[in-house]
Amino acid sequence: MSDIKVVLVAILTSQEVSVGYTLEQAIRNLRKHAQKNDFTILKVFSAVEDIDMGESPTFASALSFVESQSDKVLLIHDQYHTYNDQTDSGAKLKELITAQKVEPKARCHPCFKEPAQPHTRIWRYIDLAKFIDLLQTQSVYFTRADFLRQFDKQEGVSVTRLSKQINKSLADKVLPFPETIGIPLEAYLEMEERTEKIHEEQFLKRTYINCWHMADFENFAMWKIYSDTFGVAIESTYEALSDSFMDDDWSFYNESKRIYIGKVIYIDRNTFIMPKDNIFWPYMHKIREFSYENELRCIISNWNASPETLGIKVKINLGDLIKKIHVSPFAPEWFKSSIEDLCQKYSIDSKKVVQSNLA
């Protein structure tokens, strides 16, 4: 056990509970996160509250407990929260941070919203070549974001059609420029252009993505688009995927080299402006025309990658990851036996191989 001591705080809103999130699961997630990082858990605080974090009695109790400790404590929330230091608890937290009594952190990144249920079923539709590579390397492949533009031209784009129209209207003096921005219009427009250029030239080529489809059953369109006659669909769950990464570098629980996982948000780029407070937002939003994918997205941000690094392979425990292997509905009858033989060769239970329900 490490010397790092943690206090865990799970506070959900009633709206989150109404869509399936539970305190029990939030606490379980926090405990697992602490255990995976070898932290010592001192205490867990939890509640369902619809008030500002600074006014939360649960959060106030957590801070009182932290203050009573002789050593510095890591305070881990299940979700990301902001703190208003004009409130009593916000001021207390600021005081404890200044005194180096506490370091607040969030288990979940604000750009990555996880499924409400850990056993949410996920699917990855692949052709035979990719399936063989998966078995041989015991790794999943993360594609560099700019290469995904062969499928979606708006992949990772930080500027939507609406934001471009607004900036043009500002430049043409059709719209008044707000004085509250604090800089001249010319400087603002130059900053916008420079930010987009940096994103395209640097962020885009340092971001690597692995995609899954969330659904309770097979999807005919996904078979047609992402597999072929001799293809398979790997069925797993959100929790199994998160827990299966076993790479020496990249992991869902690795604080310094983390694999982020979350649900993609689908937008109308004619009416939506991309948030600018985090570089991950462009990769967690896709245009609504792709909403049929219902995508769960895994992302790696690798600033040490060379320009020649087109993808990253991450080691994974296939035995834990794979719940079932569905054989393409378009494959000949003998193909299922071939997939079973392949699985036996690579120590994957052949009983997990099933024929597609669409066959």
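A donor-acceptor distance shorter than 3.5 angstrom exists from the side chain of S242 to the backbone of Y238, with no hydrogens or angles considered. Not one N or O on the side chain of N167 forms a donor-acceptor pair closer than 3.5 Å with the backbone of E192.
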| said: If you apply the rule side-chain contact (heavy atoms from CB on, under 4.5 Å), what do you find for I312 with R144, and how did you get there? | reply: CA-CA 8 Å; I312 296 174; R144 203 171 76 184; over 6 Å; no

Q: Would you sort out whether E55 and S89 count as a side chain to side chain donor-acceptor pair (under 3.5 Å), showing the intermediate values?
A: CA-CA 6 Å; E55 299 172 352; S89 290; over 6 Å; no

One pair to check against side chain to side chain donor-acceptor pair (under 3.5 Å): S64 and S61. What are the steps and the verdict?
CA-CA 5 Å; S64 295; S61 297; over 6 Å; no

Self-check item: Pair S56-E49, side chain to side chain donor-acceptor pair (under 3.5 Å): steps then yes or no
Solution: CA-CA 7 Å; S56 161; E49 297 174 342; 2.5 Å; yes

Please walk me through it: do N270 and L162 pass side-chain contact (heavy atoms from CB on, under 4.5 Å)? CA-CA 5 Å; N270 298 302; L162 176 59; 5.9 Å; no

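In summary, E295 and K263 do not engage in a salt bridge, as defined by a charged side-chain N under 4.0 Å from a carboxylate O. A salt bridge is absent between E200 and K197; no separation between the charged side-chain nitrogens and carboxylate oxygens falls under 4.0 Å. At a threshold of 4.0 Å, the pair D247-K257 does not count as salt-bridged, since none of the basic side-chain nitrogens sits closer than that to a carboxylate oxygen. Here E201 does not pair with K205 in a salt bridge; the nearest charged N to carboxylate O distance is not below 4.0 Å. In this structure, E190 pairs ionically with R194, as a charged nitrogen and a carboxylate oxygen lie closer than 4.0 Å. Between K352 and E340 there is no salt bridge, since no side-chain nitrogen of the basic residue lies less than 4.0 Å from a carboxylate oxygen of the acidic one.
A parallel orientation is assigned to the rings of H199 and Y283, their planes being inclined by less than 30° (bins at 30° and 60°).
Side-chain contact between V264 and L296 is absent, with no heavy atoms from C-beta onward closer than 4.5 Å. Between F280 and H109, some side-chain heavy-atom pair lies under the 4.5 Å cut-off. Using a 4.5 Å cut-off on side-chain heavy atoms (C-beta onward), C298 and L241 make contact. The shortest side-chain heavy-atom distance between R206 and N302 does not fall under the 4.5 Å cut-off. Residues Y260 and M284 are not in side-chain contact: their nearest non-hydrogen atoms beyond the backbone lie 4.5 Å or more apart. The side-chain heavy atoms of F142 and V314, taken from C-beta on, include a pair separated by under 4.5 Å. Counting only heavy atoms from C-beta outward, the side chains of K5 and L74 never approach each other to under 4.5 Å. Using a 4.5 Å heavy-atom threshold, the side chains of F245 and I261 count as touching.
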Got a list of side-chain donor-acceptor pairs under 3.5 Å for residues 341-349, not counting sequence neighbours?
from: Y346; atom 1: OH; to: Q136; atom 2: NE2; distance (Å): 3.4
from: D349; atom 1: OD1; to: K351; atom 2: N; distance (Å): 3.0

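Here D249 contributes atom CG and S256 contributes atom OG; the two are 8.5 Å apart, rounded to the nearest 0.5 Å. Between E293 atom CD and Y266 atom OH the span is 5.0 Å, to the nearest 0.5 Å. Atoms CD1 and NZ, on I97 and K72 in that order, are 9.0 Å from each other to the nearest 0.5 Å. Put simply, CG on D146 and CD on E155 are 9.5 Å apart, with the number rounded to the nearest 0.5 Å. Once rounded to the nearest 0.5 Å, the distance linking CZ of F59 with CG of D52 reads 10.0 Å. The line from CG of L8 to CZ of F45 is 10.0 Å long, rounded to the nearest 0.5 Å.
Legend: side-chain hydrogen bond (donor to acceptor under 3.5 Å, both in side chains) pairs involving residues 314-325, not counting sequence neighbours, sorted by first then second residue: N317-D320. Residue pairs satisfying the side-chain hydrogen bond (donor to acceptor under 3.5 Å, both in side chains) criterion with at least one member in residues 121-132, sequence neighbours excluded, are listed as follows: R121-E235.
Take Y188 and apply the ring-ring contact (aromatic ring centres under 6.0 Å, His included) test, not counting sequence neighbours, and it matches F177. In terms of the ring-ring contact (aromatic ring centres under 6.0 Å, His included) criterion, F131 has no residue partners (sequence neighbours excluded).
In terms of heavy atoms, E16 sits closest to T13 at OE1-N, 2.9 Å.
Apart from F272 itself, the hydrophobic cluster it occupies contains I265, I267, M274, W281, where clustering links Ile, Leu, Val, Met, Phe, Trp and Tyr at side-chain heavy-atom distances under 4.5 Å.
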